[in-house]
Amino acid sequence: MLSNFTTGVVMKYGGSSVANPKKINEVADRIVERKKKFKNIVVVVSAMGKTTNNLISMSKEINENPSKREMDMLLSTGEQVTISLLAMALASKGEEVISLTGWQAGIKTFGHHMKSKIGDIDKNKIENYLEEGNIVIVAGFQGVNEVGDITTLGRGGSDTSAVALAAKLNFSCEIYTDVKGIYTVDPRLFSKARKLDYLSYEETLEMANLGAKVIEPRSVELAWKYKVPLYIALNTNDVVGTVIRGEGNNMEKNSITNISVIDNILLVNIELKTKNTEKINNIFVQLGNKNVNIDIISQNKFSDNNYLISFTTTNDNKIIVSEILKEMNLNFNFIENVSKVSIIGNAMRTQAGVASRVFEILSKNNIEFHQVSTSEISISYVIDDFNVKNIVEILAKEYNL
Ligand code: ADP
Ligand code: ASP
Ligand code: MG
């Protein structure tokens with residue numbers, strides 16, 4: 001726990017922690033406990049359980065391609081249900097409490113609907129309510145843009161709401177979830193994974209970007225930028241979680257601190273018979289225009305007049321990518337059911353031979369990979385889904401994770 005760092009705390013509870021009224025009541029009990037220590041408590045909550053997914057499915061039954069503004073209108077309702085129920089639970093336990101939607105809480109957003117960013121927070125209202133002795137509950141994942149429309153922050157965005165509020169109020173931030181903290185590997189993928197007591201902001205950000213969905217990447221970026229003390233723990237708050245702070249303390253000892261996986265990846269291969277840089281450029285311009293996010297890109301000269309361009313994106317872009325490439329008369333194929341497995345560790349900067357060791361492990365175990373990419377502190381491999389569990393276990397054992 002991060003007590004005594006700051007004058008207040010933002011406690012964030014994700015969907016699984018508030019999935020039903022009983023759980024909401026339990027969360028209320030824990031907030032009451034925390035209130036004994038902190039005068040100033042802001043709580044950020046997500047929509048209950050799978051509410052956001054259910055709202056998305058419902059919209060699809062009505063319209064295959066709804067406007068993003070209307071999607072924001074719809075999706076923001078999920079969090080609003082939770083804030084009111086939690087406020088009722090706390091009131092029934094004798095607490096002074098008020099719930100606020102994102103816009104009531106002064107969260108100002110900009111950018112595209114469904115992936116808006118927080119521009120600023122007008123904190124006066126929250127501070128006044130805190131001053132009056134209230135626990136302030138804020139709906140995560142939402143805000144209001146410059147033209148007064150409700151916007152949402154992208155999936156998992158309540159983490160970002162929580163950290164942004166903590167940064168603005170100069171509070172610490174506690175993210176409560178359904179696991180005991182950040183593990184060396186997603187505990188659902190590798191049951192022997194170890195919980196980490198400390199991580200640096202940088203390593204946490206790399207893990208989050210590479211698929212460790214326990215915390216949303218933008219929230220880590222914000223926490224790093226504003227030096228918000230961050231703590232990730234089980235929603236029961238009775239076991240020690242993971243503290244995120246400037247420097248990791250075990251980074252030099254172990255070259256690899258984490259393995260992360262992103263599933264649902266689409267690998268796109270395009271064959272070009274001439275090296276036409278304008279055409280190549282045009283492919284990426286067209287994809288960009290349609291908001292298709294590209295991840296790993298590679299270009300190989302196979303032989304004279306024979307080039308292969310490959311890139312990865314998420315599977316939900318399949319239809320749009322196919323349309324764009326067909327329109328451009330390109331010869332392409334898709335490889336589906338692949339995942340990106342990444343190994344991450346700050347000490348990779350200084351230790352040579354990590355990549356070659358992984359290649360050796362993959363080859364020894366007969367595991368084929370489709371693409372590989374590296375950053376300063378990570379190496380990622382695109383491999384078939386059916387190999388994921390196996391390779392994660394092998395690598396976790398190899399690196400003592
Ligand atoms: P919340 O609803 O609280 O926001 P999420 O489902 O978004 O929770 O994130 C928690 C999940 O993240 C865990 O249940 C776990 O399966 C997954 N996860 C992925 N990678 C990791 C990791 N390295 N450490 C812990 N949990 C992880
Ligand atoms: N309810 C939103 C989602 O499911 C935001 C969040 O949970 O952080 O993505
Ligand atoms: Mg989450």
Side-chain angles (χ1 to χ4, degrees), residues 179-217 220-221 224 232 242 244 247-265 267 295-298 310-314 335 337-401:
V179 285
K180 289 181 191 161
I182 300 190
Y183 282 68
T184 50
V185 186
D186 183 346
R188 287 179 211 275
L189 262 181
F190 181 58
S191 58
K192 296 197 186 102
R194 280 181 298 111
K195 193 206 73 205
L196 296 158
D197 292 335
Y198 297 101
L199 268 170
S200 66
Y201 290 113
E202 185 182 24
E203 282 173 309
T204 312
L205 180 59
E206 192 83 351
M207 284 171 53
N209 272 325
L210 292 171
K213 83 161 189 164
V214 62
I215 180 134
E216 202 247 352
V220 185
E221 236 170 293
W224 192 2
I232 297 168
T242 304
I244 316 290
E247 308 298 330
N249 63 353
N250 56 0
M251 293 182 292
E252 298 298 328
K253 285 189 218 144
N254 193 354
S255 66
I256 310 290
T257 45
N258 176 268
I259 298 174
S260 294
V261 178
I262 304 181
D263 54 14
N264 265 320
I265 283 185
L267 176 61
D295 189 17
I296 308 174
I297 304 179
S298 61
S310 304
F311 64 85
T312 55
T313 183
T314 49
I335 299 182
N337 305 319
V338 287
S339 296
K340 176 165 143 180
V341 177
S342 304
I343 60 174
I344 301 156
N346 213 342
M348 248 188 242
R349 258 193 251 279
T350 48
Q351 289 184 18
V354 177
S356 63
R357 181 76 191 112
V358 181
F359 282 122
E360 198 184 317
I361 293 167
L362 290 171
S363 127
K364 231 202 239 151
N365 291 281
N366 241 334
I367 294 176
E368 199 190 357
F369 62 92
H370 298 280
Q371 248 187 341
V372 60
S373 71
T374 58
S375 85
E376 243 187 312
I377 63 165
S378 69
I379 311 173
S380 304
Y381 297 82
V382 176
I383 64 169
D384 294 308
D385 284 344
F386 58 80
N387 276 325
V388 170
K389 208 167 161 47
N390 191 14
I391 190 62
V392 166
E393 275 185 24
I394 292 168
L395 290 171
K397 280 182 193 143
E398 170 72 22
Y399 289 104
N400 245 334
L401 293 177

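Residues: numbered from 1 along the sequence shown.
Residues satisfying the side chain to side chain contact (heavy atoms under 4.5 Å, CB included) criterion with Asn365, sequence neighbours excluded, are Ile361, Ile367, Ile394. Residues that satisfy the side-chain hydrogen bond (donor to acceptor under 3.5 Å, both in side chains) test with Glu206, not counting sequence neighbours, are Ser375, Ser378. Applying the ring pair (Phe, Tyr, Trp, His ring centres under 6.0 Å) criterion to Tyr183, with sequence neighbours excluded, gives no partner residue. In this structure Glu393 satisfies the side chain to side chain contact (heavy atoms under 4.5 Å, CB included) test together with Phe190, Lys389, Lys397, sequence neighbours excluded. For Glu221, there are no salt bridge (Lys or Arg N to Asp or Glu O under 4.0 Å) partners at least two apart in sequence or on another chain. Every residue two or more places apart in sequence or in another chain was checked for a side-chain hydrogen bond (donor to acceptor under 3.5 Å, both in side chains) with Ser363, and none qualifies. In this view, Asp384 and His370 satisfy the side-chain hydrogen bond (donor to acceptor under 3.5 Å, both in side chains) rule, not counting sequence neighbours. Residues forming a side-chain hydrogen bond (donor to acceptor under 3.5 Å, both in side chains) with Ser339 (at least two apart in sequence, or on another chain): Asp385. Lys180 is linked by a salt bridge (Lys or Arg N to Asp or Glu O under 4.0 Å) to nothing, counting only residues two or more places apart in sequence or in another chain. Taking Glu368 as the reference, nothing meets the salt bridge (Lys or Arg N to Asp or Glu O under 4.0 Å) condition, with sequence neighbours excluded.
Using cut-offs of 30° and 60° on the angle between ring planes, the pair Trp224 and Tyr201 is parallel.
Screening residues 337-362 for salt bridge (Lys or Arg N to Asp or Glu O under 4.0 Å), with sequence neighbours left out, gives Glu202-Arg349, Asp295-Lys340, Arg349-Glu376, Arg357-Glu360, Arg357-Glu398.
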